[in-house]
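Here the structure is a predicted model, which means the values were calculated and not measured. Read the numbers this way: they start at 1 and go in the same order the structure lists the ligands and their atoms.
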Amino acid sequence: MSSAALRGTVSARTSGGKPPEVPRFHPPYDWDEVDEVTRDLGTAVLTGLVGAELRGRFDREIDRWLERHPGTARPDSGSRLYDTFMGRRTARLHGLVAKAPSAADVIAHPGILGWARRLLAPVSDGILLSAAEFIQIGPRESRQFTHRDTDAWWFAPRGRDPLCVNAMIALTPFDERNGATRVAPGSNQWGDGRRPLDSEMVQPALEPGDALLFRADVFHGGGTNRTAGEFRRSVLLSYCAGWLRPLENSYLNVPREVAAGLSDDLAELLGYTLYDSTPRGGGIIGTYEYGDPRRVLRDQRPARG
Ligand SMILES: O=C(O)CCC(=O)C(=O)O
Ligand SMILES: [Fe+2]
């Protein structure tokens, strides 16, 4: 851990057992330090990461989609437990690039993507979008069950390097009244069986455009929205090792003709790529008819705007 983060950790521990603060980085970011802190402490805030123009475009496109599809952004998994986890007063959307064209620019944001690639590089030389999720926590929503996203891959080992990393981007202010994300810094390093006490969770305040970066094996969860009328709006980006099965099924959530109109980078993130370990003497996964799945997109006409 960097000396700055370590100092923060040590001083917080010696002043009454409080959890370490989540370090905040301001532009221009010191990426070496961001990488080290997010790998070791598991989390950091980057202020001013996503600009107002992109946020505005994305917000407008999502608003339009929600207006045209009333009542659809609610959990409907068939599992009561999972639907409660998703939140009954929370609007959620997957398949974002098919719903809001500017989601492509959010998902492929060079700062976020570069960070994800570097953090995942020790375990994988290719990465996938695990999920891109619009999450709007509505008034009077209760707090989400505290969890590790990596528990979806129940049998996967946890180690020094993450298998999946998240960037929670605020589209409205986040604070402890309206459901800001709660995180347990350092919990990526905890042994199995240890769960965070309330006193070990922190809830960093965010301004629109700020991002809370956290490893998917850090304990976290959406906070309680105690307000009567405030919506906490966000987009949560999640990237995983190229050989891991993503949370979101982008092959189904993003129609093929839309995928065909995306940049190569984005199509690869959505899974139109091979994961090739043959240079190491390994094998290949992700084949389409024994070949590169990008072939399937070449035959598609690009989607019209
Ligand atoms: O909305 C949030 O703050 C966190 C959401 C989350 O962790 C999840 O849905 O897995
Ligand atoms: Fe989560």
Near-ring test H147/F219, centroid separation under 6.0 angstrom: no

Salt bridge flag under 4.0 Å for residues D40 and R160: no

Atoms in ligand 1 with a heavy atom of T181 nearer than 4.0 Å: 2 (C), 3 (O)

Enumerated ligand 1 atoms positioned under 4.0 Å from heavy atoms of I135: 1 (O), 5 (C)

Within-shell test, E133 vs ligand 1, heavy atom, strictly < 4.0 Å: no

Shortest heavy-atom approach to atom 6 (C) of ligand 1 - which of Q136, R232, Q144: Q144

Residue-ligand contact M86/ligand 1, heavy atom below 4.0 Å: no

Those atoms of ligand 1 less than 4.0 Å from some heavy atom in R92: 9 (O)

D149: numbered ligand 1 atoms lying under 4.0 Å from its heavy atoms: 10 (O)

Ring-face cation of R194 near W190 (centre distance under 6.0 Å, axis angle within 45°): yes

Audit row: T146, R195, side chain to side chain donor-acceptor pair (under 3.5 Å) steps and yes/no: CA-CA 9 Å; T146 304; R195 292 192 55 85; 5.0 Å; no

Atom 10 (O) of ligand 1: nearest protein contact (heavy atom, Å): H147 NE2, 3.0 Å

W153 side-chain N/O to R245 backbone N/O, donor-acceptor pair under 3.5 Å: yes

Polar side-chain atom of Q144 near backbone of F85 as donor-acceptor pair, under 3.5 Å: yes

R232 side chain vs G179 backbone, donor-acceptor pair below 3.5 Å: yes

Atoms of ligand 1, numbered as shown, that sit under 4.0 Å from any heavy atom of M168: 1 (O), 2 (C), 3 (O), 4 (C)

Aromatic contact, Y272 with Y251 (centres under 6.0 Å): yes

Carboxylate-amine/guanidinium contact D264 R294, below 4.0 Å: no

Residue-atom pairs from the protein, N, O or S only, that lie under 2.8 Å from the Fe ion (ligand 2): H147 NE2, D149 OD1, H220 NE2

Separation of L252 CG from E248 CD (nearest 0.5 Å): 10.0 Å

